[in-house]
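These values consider heavy atoms only, across backbone and side chains, with no hydrogens, waters or symmetry-generated copies.
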Amino acid sequence: QPGEVVPPDQIIEHPRTHVKYRRLKEGDVVHAGQLIGYLDDKLAAANLEIEKEKIEANKSKLEAAIFIQKASEAEWQMYYDLRKSGAGSEADLRRAKAQYDKAQADVADAKGQLGVSKEDHNKALVVLEEHEVRSTISGTIKRFYRRPGESVKELDPIAEVQNLGRLRVEEIGRAHV
């Protein structure tokens with residue numbers, strides 16, 4: 001909590017983000033969405049950085065494709081005007097038109113690749129966020145099933161959080177004869 005005085009031996013620092021946290025213990029109160037642990041995320045963070053670089057590369061490819069498209073359009077228009085005036089050849093006009101058509105296709109492809117790289121970035125971000133263990137409910141930490149440094153498999157429980165504010169009690173009664 002902000003302003004809370006925490007002994008240095010109870011402070012942990014996230015190795016990637018360098019954010020400092022107070023080490024939680026059984027009996028601590030947590031809120032829904034609060035970080036209660038994290039998994040080794042080096043590979044997921046590296047994949048996210050790769051996807052960021054792919055976005056930048058695809059933005060550059062799109063800019064280049066648009067520039068080439070504009071140049072091809074201007075060249076095609078020049079040959080069109082020359083042909084219309086009787087000074088240009090049909091072959092030059094066809095070649096210029098083909099280059100312009102290809103440039104348009106290259107722009108469409110670059111836009112598609114940029115869209116794909118943005119979605120890949122979103123997927124990599126989701127995977128990275130999955131390396132954070134957050135409480136789904138507010139309550140008190142009843143127990144930890146894992147200790148720092150222990151391996152965890154997918155769907156393994158990490159901690160048990162109890163919320164006694166919403167407790168449902170069922171009674172099974174005996175029939176009286």
Side-chain angles (χ1 to χ4, degrees), residues 1-70 103-172:
Q1 303 294 342
E4 180 181 8
V5 178
V6 180
D9 64 326
Q10 292 300 309
I11 296 175
I12 55 174
E13 183 176 328
H14 191 287
R16 181 180 50 82
T17 63
H18 303 290
V19 174
K20 294 182 180 181
Y21 299 96
R22 178 177 62 83
R23 186 180 301 277
L24 296 173
K25 58 188 178 302
E26 293 171 357
D28 283 346
V29 174
V30 295
H31 303 285
Q34 180 177 340
L35 183 73
I36 60 173
Y38 56 85
L39 307 174
D40 182 2
D41 64 359
K42 288 185 210 88
L43 182 60
N47 286 336
L48 182 65
E49 289 304 312
I50 288 169
E51 296 306 332
K52 285 179 184 176
E53 294 301 322
K54 285 181 181 178
I55 288 174
E56 292 307 311
N58 285 324
K59 282 180 181 178
S60 295
K61 287 178 183 178
L62 178 58
E63 287 174 17
I66 290 170
F67 179 79
I68 291 169
Q69 178 191 21
K70 288 178 181 176
Q104 285 181 308
D106 289 345
V107 168
D109 181 57
K111 285 179 181 177
Q113 290 301 318
L114 181 58
V116 167
S117 62
K118 286 180 179 179
E119 288 307 313
D120 286 344
H121 174 268
N122 291 340
K123 287 191 317 191
L125 187 59
V126 167
V127 170
L128 182 61
E129 289 171 352
E130 288 175 344
H131 287 74
E132 294 180 343
V133 180
R134 296 187 177 274
S135 179
T136 55
I137 62 169
S138 296
T140 304
I141 296 176
K142 177 75 172 171
R143 74 182 270 207
F144 284 102
Y145 294 104
R146 297 283 185 248
R147 298 288 171 219
E150 288 184 344
S151 63
V152 179
K153 290 186 278 185
E154 190 173 353
L155 301 178
D156 274 356
I158 304 292
E160 179 182 341
V161 177
Q162 282 186 344
N163 180 344
L164 298 178
R166 295 183 125 196
L167 189 62
R168 187 176 90 179
V169 179
E170 290 184 23
E171 179 179 329
I172 300 175

Atom OH of Tyr145 with >12 non-hydrogen neighbours under 6.0 angstrom: yes

Side-chain heavy atoms of His14 within contact of Asp41, under 4.5 Å: yes

Arg16 and Leu128, any side-chain heavy atoms less than 4.5 Å apart: yes

Just so I know, are the side chains of Lys20 and Val6 near enough to count as touching, which here means a heavy-atom distance under 4.5 Å? no

Would a distance-only check, ignoring hydrogens and angles, find a side-chain to backbone donor-acceptor pair under 3.5 Å from Asp40 to Lys42? yes

Rounding to 0.5 Å, atoms CG (Leu48) and NZ (Lys123) come to a distance of 13.0 Å

Decide, yes or no, whether a salt bridge links Asp120 with Lys54 under the criterion of side-chain N to carboxylate O below 4.0 Å. no

Nearest 0.5 Å please: distance from the NE2 atom of His121 over to the CD atom of Glu53. 10.5 Å

Between the CG atom in Leu39 and the CD atom in Glu154, the distance rounded to the nearest 0.5 Å is 11.0 Å

Taking all heavy atoms of Thr136 and all of Ala32, pick out the closest pair and write down the distance. O-CB, 3.8 Å

If you look at every heavy atom in Phe144 and Ile36, which pair is closest and at what distance? CE2-O, 4.4 Å

Keeping the roles fixed (side chain from Arg23, backbone from Gln10), state whether a donor-acceptor pair exists under 3.5 Å. no

Give a yes or no on whether the backbone of Asn122 and the side-chain of Glu51 come within a donor-acceptor separation of less than 3.5 Å. no

When rounded to the nearest 0.5 angstrom, what is the spacing between CD1 in Ile50 and OG in Ser117? 13.5 Å

Within the 4.5 Å heavy-atom criterion, are Leu114 and Ile55 side-chain neighbours or not? yes

Side chain to side chain, Ile66 and Glu63, heavy atoms closer than 4.5 Å: no

Quick one: does Val30's side chain get under 4.5 Å of Leu24's, heavy atoms only? yes

Working to the nearest 0.5 angstrom, can you tell me the gap between Thr140 OG1 and Asp28 CG? 9.0 Å

If you measure from OG on Ser151 to CG on Asp156, what distance do you get to the nearest 0.5 Å? 8.0 Å

Considering only heavy atoms from C-beta outward, does the side chain of Leu62 approach that of Lys111 to under 4.5 Å? yes

